[in-house]
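Residues: numbered from 1 along the sequence shown. Counting starts at 1 for both ligands and their atoms, following the listed order.
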Amino acid sequence: MQIAQPHSFVPDPGNGRALRDAFGLFATGVTIVTTCGPDGCAAITANSFASVSMEPPLVLWSPARSSSRYGLFAGAEHYAIHVLAADQQDLAWRVAKDGAALKGVDLGCNANGVPVLERCLARFDCRRHAVHAAGDHAIVVGEVLHAAMQQGDPLAFFGGRVARVDIN
Ligand SMILES: Cc1cc2nc3c(=O)[nH]c(=O)nc-3n(C[C@H](O)[C@H](O)[C@H](O)COP(=O)(O)O)c2cc1C
């Protein structure tokens, strides 16, 4: 992302764009969260994932209240978080646009009946631990019941862009 001039500001409703841009300078990975919806597999792309605790094993992510998928994901008892690999950029955008985008994709099913992607860098099968209100988002904390991982390069999100990272 190009920043013409270094600048600082006090966040207010008038400069939301600048705040969003500043938040976007924190490079993250990209995840897809899946759960069981009324019509089968529901998914959402999320970069707000973070690991939280080792004992017990906890992770978090933040769904936006404005999302049409908020109720389903904030209320889910079981869900899976997939850390995407470098070549899963298309999938990330497709799921961002459409919560039902995984319906045509080859999916597995975890021990709790959650549809899961067979391929990703890491997967965390979670049970709802807590949901905290946080402004226009919620903080969804999950207990990791099962984890899986494999070798590969990650997908990154920075400045509003998704890009592959060649790290291995
Ligand atoms: C890279 C990337 C990261 C995203 N991260 C989040 C996130 O952490 N939380 C969230 O609620 N939406 C996030 N979104 C947006 C959602 O994937 C989705 O587009 C949004 O909820 C709009 O859904 P709706 O059209 O069903 O309302 C992200 C989108 C992209 C492309």
Side-chain angles (χ1 to χ4, degrees), residues 1-3 11 13 16-53 57-105 107 114-117 119-144 147 152-167:
M1 193 171 71
Q2 302 292 324
I3 297 174
R17 181 70 255 172
L19 183 62
R20 191 181 292 270
D21 288 348
F23 283 164
L25 295 177
F26 180 58
T28 67
V30 182
T31 74
I32 286 179
V33 186
T34 56
T35 193
C36 246
D39 307 317
C41 178
I44 186 167
T45 301
N47 74 318
S48 51
F49 169 80
S51 56
V52 176
S53 161
L58 300 176
V59 295
L60 69 76
W61 74 285
S62 297
R65 288 183 183 280
S66 60
S67 173
S68 67
R69 306 169 222 180
Y70 175 82
L72 184 64
F73 280 95
E77 180 67 19
H78 289 277
Y79 53 93
I81 302 177
H82 307 76
V83 177
L84 297 190
D87 62 351
Q88 292 179 301
Q89 188 166 342
D90 281 358
L91 200 60
W93 286 120
R94 273 197 280 140
V95 169
K97 289 189 187 110
D98 176 10
L102 292 186
K103 281 202 178 135
V105 174
L107 298 174
V114 175
V116 293
L117 288 169
R119 209 173 54 77
C120 58
L121 276 194
R123 192 182 98 217
F124 303 102
D125 293 344
C126 299
R127 175 171 59 204
R128 177 195 180 96
H129 178 80
V131 178
H132 305 285
D136 57 15
H137 282 61
I139 299 169
V140 171
V141 182
E143 180 181 359
V144 179
D153 286 324
L155 195 60
F157 188 58
F158 178 76
R161 291 162 66 185
V162 173
R164 57 179 303 137
V165 177
D166 293 311
I167 215 155

A.B. asks: Below 3.5 angstrom, do we get any N/O pair linking Ser67 and ligand 1?
C.D. replies: yes
A.B. asks: May I ask you to list the atoms of ligand 1 that are less than 4.0 angstrom from any heavy atom of Trp93?
C.D. replies: 31 (C)
A.B. asks: Is the closest heavy atom of Ser62 to ligand 1 under 4.0 Å?
C.D. replies: yes
A.B. asks: Quick one: which of Ser68, Ala138, Gly99, Ala100 has a heavy atom closest to atom 24 (P) of ligand 1?
C.D. replies: Ser68
A.B. asks: Look at atom 30 (C) of ligand 1 and find which of Ile32, Val30, Thr45, Val33 reaches it with the closest heavy atom.
C.D. replies: Thr45
A.B. asks: So how far is it from Arg123 CZ to Leu117 CG, rounded to the nearest 0.5 Å?
C.D. replies: 9.0 Å
A.B. asks: Using a 4.5 Å cut-off on heavy atoms from C-beta on, say whether the side chain of Ile139 contacts that of Val131.
C.D. replies: no
A.B. asks: Going by the rule ring-ring contact (aromatic ring centres under 6.0 Å, His included), which residues pair with Phe157 if we only count those two or more places apart in sequence or in a different chain?
C.D. replies: none
A.B. asks: Between ligand 1 and Pro63, can you find any atom pair, the residue atom being a heavy atom, that is separated by under 4.0 Å?
C.D. replies: yes
A.B. asks: Quick check: does Trp61 get an N/O under 3.5 Å from an N/O on ligand 1?
C.D. replies: no
A.B. asks: Any nitrogen or oxygen of His137 lying under 3.5 Å from a nitrogen or oxygen in ligand 1? Just yes or no.
C.D. replies: no
A.B. asks: Judging by distance only, is a nitrogen or oxygen of Val162 under 3.5 angstrom from one on ligand 1?
C.D. replies: no
A.B. asks: Could you state the interatomic distance from CG (Leu84) to CZ (Phe49), rounded to the nearest 0.5 Å?
C.D. replies: 11.5 Å
A.B. asks: Okay, side chain of Lys97, backbone of Ala92: is any donor-acceptor separation there less than 3.5 Å?
C.D. replies: no
A.B. asks: Tell me which protein heavy atom sits closest to atom 23 (O) of ligand 1, plus the residue, atom name and distance to 0.1 Å.
C.D. replies: Arg69 NH2, 3.3 Å
A.B. asks: Counting from 1, what ligand 1 atoms have a heavy atom of Phe157 closer than 4.0 Å?
C.D. replies: 1 (C)
A.B. asks: Under a 4.5 Å cut-off applied to non-hydrogen side-chain atoms, are Ile81 and Val59 in contact?
C.D. replies: yes
A.B. asks: Using a 6.0 Å cut-off, check whether atom CD1 of Ile167 has over 12 heavy atoms from anything other than its own residue.
C.D. replies: no
A.B. asks: May I have all residue pairs that pass side-chain hydrogen bond (donor to acceptor under 3.5 Å, both in side chains) and include part of residues 71-80, sequence neighbours excluded?
C.D. replies: none
A.B. asks: Can you list the ligand 1 atoms lying under 4.0 Å from a non-hydrogen atom of Ala96?
C.D. replies: 17 (O), 18 (C), 19 (O), 31 (C)
A.B. asks: Report yes or no: does a heavy atom of Tyr70 sit under 4.0 Å from some atom of ligand 1?
C.D. replies: no
A.B. asks: Measure the shortest side-chain to side-chain distance between Trp61 and Thr31 over non-hydrogen atoms and say whether it is less than 4.5 angstrom.
C.D. replies: no
A.B. asks: Quick one, Trp93 and Val162 - any side-chain contact, counting heavy atoms below 4.5 Å?
C.D. replies: yes
A.B. asks: Near Ala64, which atoms of ligand 1 are under 4.0 Å from a heavy atom of that residue?
C.D. replies: 10 (C), 11 (O)
A.B. asks: Atom 8 (O) of ligand 1: which protein heavy atom is closest, and how many Å away?
C.D. replies: Ser48 OG, 2.6 Å
A.B. asks: Would Lys97 count as being in polar contact with ligand 1, using the rule that some N or O on each side must be under 3.5 angstrom apart?
C.D. replies: no
